[in-house]
Asks: 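Once you've had a glance at the structure underneath, I'll fire off some questions.
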Amino acid sequence: MPETSYTRMAYTARYTRKRLDLIARMGGRCQTCGADDPMTMEFHHLGPRTWRARRLDRCSRLRRYRRDFQNGAVVLLCAVCHNGTKGYK
């Protein structure tokens, strides 16, 4: 069954709402420069994430970021600072 534009918009709105909620829980500011625009925030894993580790982790991306943030393995960076990190693709 083809996906309707309404379904896609509802999913996008729900994902954006959850993402903004997670950004607020993480402090809402870039850890490097202190920028606070939530639309430019990105999640940066501090340790190496191998393909195998990502493959075995079947939870949603936002749930994984929340869990890794609680464990101290993810920080919040703005797009400019995240672009300057080592290993950024």
Side-chain angles (χ1 to χ4, degrees):
M1 180 175 203
E3 187 178 84
T4 64
S5 61
Y6 174 76
T7 305
R8 184 174 295 171
M9 287 186 334
Y11 170 79
T12 303
R14 187 170 53 244
Y15 177 83
T16 302
R17 189 172 52 250
K18 288 181 178 182
R19 182 179 173 276
L20 292 174
D21 180 54
L22 181 57
I23 288 171
R25 287 177 189 224
M26 293 177 73
R29 293 178 126 358
C30 175
Q31 296 292 317
T32 305
C33 70
D36 60 355
D37 181 12
M39 297 312 288
T40 64
M41 292 296 137
E42 297 179 358
F43 304 100
H44 176 67
H45 276 96
L46 297 175
R49 298 269 306 161
T50 63
W51 176 84
R52 182 171 170 75
R54 276 185 252 129
R55 179 85 172 150
L56 293 174
D57 194 357
R58 299 232 180 244
C59 65
S60 74
R61 182 179 296 167
L62 290 177
R63 196 174 320 149
R64 185 173 58 233
Y65 288 147
R66 186 180 316 122
R67 184 195 62 214
D68 290 348
F69 171 67
Q70 291 168 348
N71 296 334
V74 169
V75 293
L76 197 59
L77 297 177
C78 68
V80 174
C81 293
H82 195 211
N83 193 22
T85 59
K86 183 178 178 181
Y88 178 76
K89 292 183 179 182

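Bear in mind that the values here come from a model prediction, so they are computed numbers and not experimental data. We use all heavy atoms of the structure for the numbers below, so side chains are in, but hydrogens, waters and symmetry mates are not.
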Asks: Which residues satisfy the side chain to side chain donor-acceptor pair (under 3.5 Å) test with Asp21, sequence neighbours excluded?
Replies: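 With sequence neighbours excluded, Asp21 shows a side chain to side chain donor-acceptor pair (under 3.5 Å) to Arg25, given in chain and number order.
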Asks: Going by the rule ring pair (Phe, Tyr, Trp, His ring centres under 6.0 Å), which residues pair with Phe69 if we only count those two or more places apart in sequence or in a different chain?
Replies: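 Counting only residues at least two positions away or on another chain, Phe69 forms no ring pair (Phe, Tyr, Trp, His ring centres under 6.0 Å).
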Asks: Mind checking what makes salt bridge (charged side-chain N to carboxylate O under 4.0 Å, His left out) contact with Asp37, not counting sequence neighbours?
Replies: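 Partners of Asp37 under the salt bridge (charged side-chain N to carboxylate O under 4.0 Å, His left out) test: none.
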Asks: Is there a side chain to side chain contact (heavy atoms under 4.5 Å, CB included) between Arg67 and Val74? Walk through the geometry before answering.
Replies: CA-CA 9 Å; Arg67 184 195 62 214; Val74 169; over 6 Å; no
Asks: Indicate the atoms forming the closest heavy-atom contact of Leu20 with Pro38, along with that distance.
Replies: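 Where Leu20 meets Pro38 most closely, the heavy atoms are CD2-CB, 3.6 Å.
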Asks: Could you tell me how the ring of His45 sits relative to the ring of Tyr65: parallel (under 30°), tilted (30 to 60°) or perpendicular (over 60°)?
Replies: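 The rings of His45 and Tyr65 sit tilted, inter-plane angle from 30° to 60°.
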Asks: Restricting to non-hydrogen atoms, name the atom on Met41 and the atom on Arg29 that form the minimum distance, rounded to 0.1 Å.
Replies: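 For Met41 versus Arg29, the nearest heavy atoms are SD-C, 4.2 Å.
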Asks: Measure the CZ-CZ distance between Arg66 and Phe43 for me, rounded to the nearest 0.5 Å.
Replies: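 The distance works out to 9.5 Å.
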Asks: State plainly whether one hydrophobic cluster holds both Leu76 and Val80, where clusters connect Ile, Leu, Val, Met, Phe, Trp and Tyr through side-chain heavy atoms under 4.5 angstrom apart.
Replies: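 No, separate clusters.
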Asks: Can you list the residues that meet the salt bridge (charged side-chain N to carboxylate O under 4.0 Å, His left out) rule with Arg19, with sequence neighbours excluded?
Replies: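 Checked Arg19 against salt bridge (charged side-chain N to carboxylate O under 4.0 Å, His left out); zero matches.
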Asks: Taking all heavy atoms of Cys78 and all of Cys30, pick out the closest pair and write down the distance.
Replies: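 Cys78 and Cys30 have their closest heavy atoms at N-SG, 3.3 Å.
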Asks: Who else is in the cluster with Leu46 when I, L, V, M, F, W and Y are joined by side-chain contacts under 4.5 Å?
Replies: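 Val75, Leu77, all in the cluster of Leu46.
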Asks: Tell me, please, which residues at least two apart from Arg14 pass side chain to side chain contact (heavy atoms under 4.5 Å, CB included).
Replies: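 Only Tyr11, Arg17, Lys18 meet the side chain to side chain contact (heavy atoms under 4.5 Å, CB included) criterion with Arg14.
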